[in-house]
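Below is one structure, written out as C-alpha cells, with a few remarks after it.
Everything quoted here is computed from the prediction, not taken from an experiment.
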Amino acid sequence: MLTNKVAVIYGAGGAIGGAVARAFAREGAKLFLTGRHRASVEAVAMEVVSAGGSADATEVDALDEQAVDTHLQSVIDKSGRVDISFNAVGIPGTKMLGVPLVELDAEQFSLPITTYATSYFLIARLAARHMVSNKSGVIMTVTTQHSRMGIPLSGGYGPAMAAEEALTRVLSAELAPQGIRVVGLRPQAIPETDTLKEAFEARAKVSGMTWEQFQESLASRTHARRLMTLAEMANVAVFMASDKASGMTGTTVNLTMGSLDD
Ligand SMILES: NC(=O)c1ccc[n+]([C@@H]2O[C@H](COP(=O)([O-])OP(=O)(O)OC[C@H]3O[C@@H](n4cnc5c(N)ncnc54)[C@H](OP(=O)(O)O)[C@@H]3O)[C@@H](O)[C@H]2O)c1
C-alpha cells in the first residue's frame, strides 16, 4: 500500500512510532526514522532493515526547528521527496499525570501543551513546505481521547491533545487545496506500551487499583470490552497514509473502540 513512498517518522524509537515504522516498511515505504535519542531509533531501523525493509536512523529533536529542517533537507537530497510525515512524539506521563489541577504548577501544566503543539507545528510546517512542490503528501499525528473527554489527574495533557486535533483541522484547511492531506489517529489505550503503564502508576497511588483492574476499568468503557493493540493502530496508520485514504483530510480517526462517540 505504500510502495516507494518516502516516510519520515518523528519519535520513531517509541512504542507507536516503532509500530508504525514496522507497518509502513512492510507495505514498501522507504523510512527516515528520527528521535531525540539515537539508540532507540537505531534499534527500530535495524529491525526494519533485517526484515528486508529500508530505514535510515537519525537523532533529531522535534522541538529544534533547525534540526528538523536540516534532516528533512537531507531526506530530500537522498530521496528527492517526502510523501508522509508522521508525528509520534510523546513525553513521559510522569511529568504531567497524577496531580490535581488545583495543585498543579503552571510550568507543569504548560509542558505537554507546548511540547505536543510546538513539535507537531514545526514538523508539519516544514514537511508542508517540501510537499507543496509535489502537490501531494500526508501529514499525520497521534492523539488520545483526552482531547474530547474530561479525564481527571491528567493536567495539561487533554488541552495538548485538543490543540493537536485543532491543528490537524487548520493545517488541512490551508494545505488540502495544494494536494496535502492532514489526518490524525486517536487510539484507545494500548496496554503493550510503557506509556499506559506510566499512566497507571500515576493514578495507582490515588486509586489503589492494580494494573489488571486499571486495564479492566478502561476496557469496560469500550464496546469491545477490550483495549487496542499496537498492530491494530498501525494497520489504520498504513491505510490513512496510503492513497486509498485520498478522501480523508482535516479529521482525526476515532480509534477509541466505542468509548468516545463521534
Ligand atoms: N501508548 C498509548 O497507549 C497511546 C494511546 C493513544 C495515544 N498515544 C499517543 O501517542 C504518542 C506516542 O506515544 P507512545 O506510547 O509511542 O510514547 P513513547 O513510547 O514514550 O514514545 C514517544 C517517543 O517520542 C520521543 N520524543 C520525545 N520528545 C521528543 C522530541 N522533542 N523530539 C523527538 N522525539 C521525541 C521519545 O524519545 P526519548 O524516549 O528518546 O525521549 C520516544 O521515543 C503520544 O502523543 C501519546 O499520547 C499513546
If you measure only the distance, is there a donor-acceptor pair under 3.5 Å linking the side chains of Thr168 and Tyr120?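 Yes.
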Check whether the side chains of Thr256 and Gln188 place a donor and an acceptor atom closer than 3.5 Å, and report yes or no.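 Note: Thr256 and Gln188 side chains miss the donor-acceptor criterion.
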On a heavy-atom basis, which atom in [X] and which in [Y] lie closest, and how many Å separate them?
{"X": "Ala21", "Y": "Leu31", "result": "O-CD1, 3.2 Å"}
{"X": "Val89", "Y": "Ser119", "result": "CG1-OG, 4.1 Å"}
{"X": "Leu104", "Y": "Gly155", "result": "CD2-CA, 3.6 Å"}
{"X": "Arg169", "Y": "Gly250", "result": "CG-O, 3.6 Å"}
{"X": "Val48", "Y": "Ser54", "result": "CG1-N, 4.0 Å"}
{"X": "Ala19", "Y": "Ala234", "result": "O-CB, 3.7 Å"}

Donor-acceptor contact present, side-chain [X] to main-chain [Y], <3.5 Å:
{"X": "Arg181", "Y": "Met140", "result": "no"}
{"X": "Glu164", "Y": "Met161", "result": "no"}
{"X": "Asn134", "Y": "Ser136", "result": "no"}
{"X": "Thr58", "Y": "Val60", "result": "no"}
{"X": "Thr118", "Y": "Thr115", "result": "no"}
{"X": "Asp83", "Y": "Val6", "result": "yes"}
{"X": "Glu27", "Y": "Met1", "result": "yes"}
{"X": "Ser74", "Y": "His71", "result": "yes"}
{"X": "Ser79", "Y": "Ile76", "result": "no"}
{"X": "Thr249", "Y": "Val182", "result": "yes"}

Do the charged groups of [X] and [Y] touch, with an N to O distance under 4.0 Å?
{"X": "Asp56", "Y": "Lys30", "result": "no"}
{"X": "Glu47", "Y": "Arg22", "result": "yes"}
{"X": "Glu165", "Y": "Arg186", "result": "yes"}
{"X": "Glu232", "Y": "Arg226", "result": "yes"}

Stepwise, does the side chain to side chain contact (heavy atoms under 4.5 Å, CB included) test hold for Thr252 with Leu185? CA-CA 5 Å; Thr252 297; Leu185 305 177; 5.9 Å; no
Quick one: do Phe86 and Val8 satisfy side chain to side chain contact (heavy atoms under 4.5 Å, CB included)? Show the steps, please. CA-CA 6 Å; Phe86 194 102; Val8 183; over 6 Å; no
Measure the spacing between [atom1] of [X] and [atom2] of [Y] and express it to the nearest 0.5 Å.
{"X": "Tyr116", "Y": "Thr144", "atom1": "OH", "atom2": "OG1", "answer": "8.5 Å"}
{"X": "Phe32", "Y": "Ser85", "atom1": "CZ", "atom2": "OG", "answer": "13.0 Å"}
{"X": "Ile180", "Y": "Glu174", "atom1": "CD1", "atom2": "CD", "answer": "11.0 Å"}
{"X": "Leu153", "Y": "Leu97", "atom1": "CG", "atom2": "CG", "answer": "8.5 Å"}
{"X": "Ile190", "Y": "Leu218", "atom1": "CD1", "atom2": "CG", "answer": "12.0 Å"}
{"X": "Ile16", "Y": "Leu230", "atom1": "CD1", "atom2": "CG", "answer": "6.5 Å"}

Test item: His130 and Arg81 side chains (from C-beta on) under 4.5 Å apart, heavy atoms: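 They are not in contact (no side-chain heavy atoms under 4.5 Å apart), so the answer is no.
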Crowded around [X] [atom1]? As in, over 12 foreign heavy atoms under 6.0 Å?
{"X": "Met46", "atom1": "CE", "result": "no"}
{"X": "Asn4", "atom1": "CG", "result": "no"}
{"X": "Asp261", "atom1": "CG", "result": "no"}
{"X": "Gln178", "atom1": "CD", "result": "yes"}

Assess whether side chain to side chain donor-acceptor pair (under 3.5 Å) is satisfied between Gln145 and Ser259, documenting all intermediate values. CA-CA 9 Å; Gln145 57 194 348; Ser259 48; 3.1 Å; yes
Stepwise side chain to side chain contact (heavy atoms under 4.5 Å, CB included) check, Met228 with Met257: CA-CA 8 Å; Met228 172 148 289; Met257 303 176 86; 3.9 Å; yes
ILVMFWY cluster, Leu227 and Trp211 together (side-chain gap under 4.5 Å):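 Yes, because Leu227 and Trp211 connect within a single hydrophobic cluster, where side-chain heavy atoms sit under 4.5 Å apart.
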Flag yes if Leu167 and Val183 sit in one hydrophobic cluster, no otherwise; membership is Ile, Leu, Val, Met, Phe, Trp, Tyr, and two members link when side-chain heavy atoms are under 4.5 Å apart.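 They do not share one cluster, since no chain of ILVMFWY contacts under 4.5 Å joins Leu167 to Val183.
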Test side chain to side chain contact (heavy atoms under 4.5 Å, CB included) on Asp64 and Asp69 and set out the steps. CA-CA 9 Å; Asp64 180 340; Asp69 197 19; over 6 Å; no
Mind telling me whether Tyr157 and His146 have parallel, tilted or perpendicular rings, with 30° and 60° as the class edges?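 Perpendicular.
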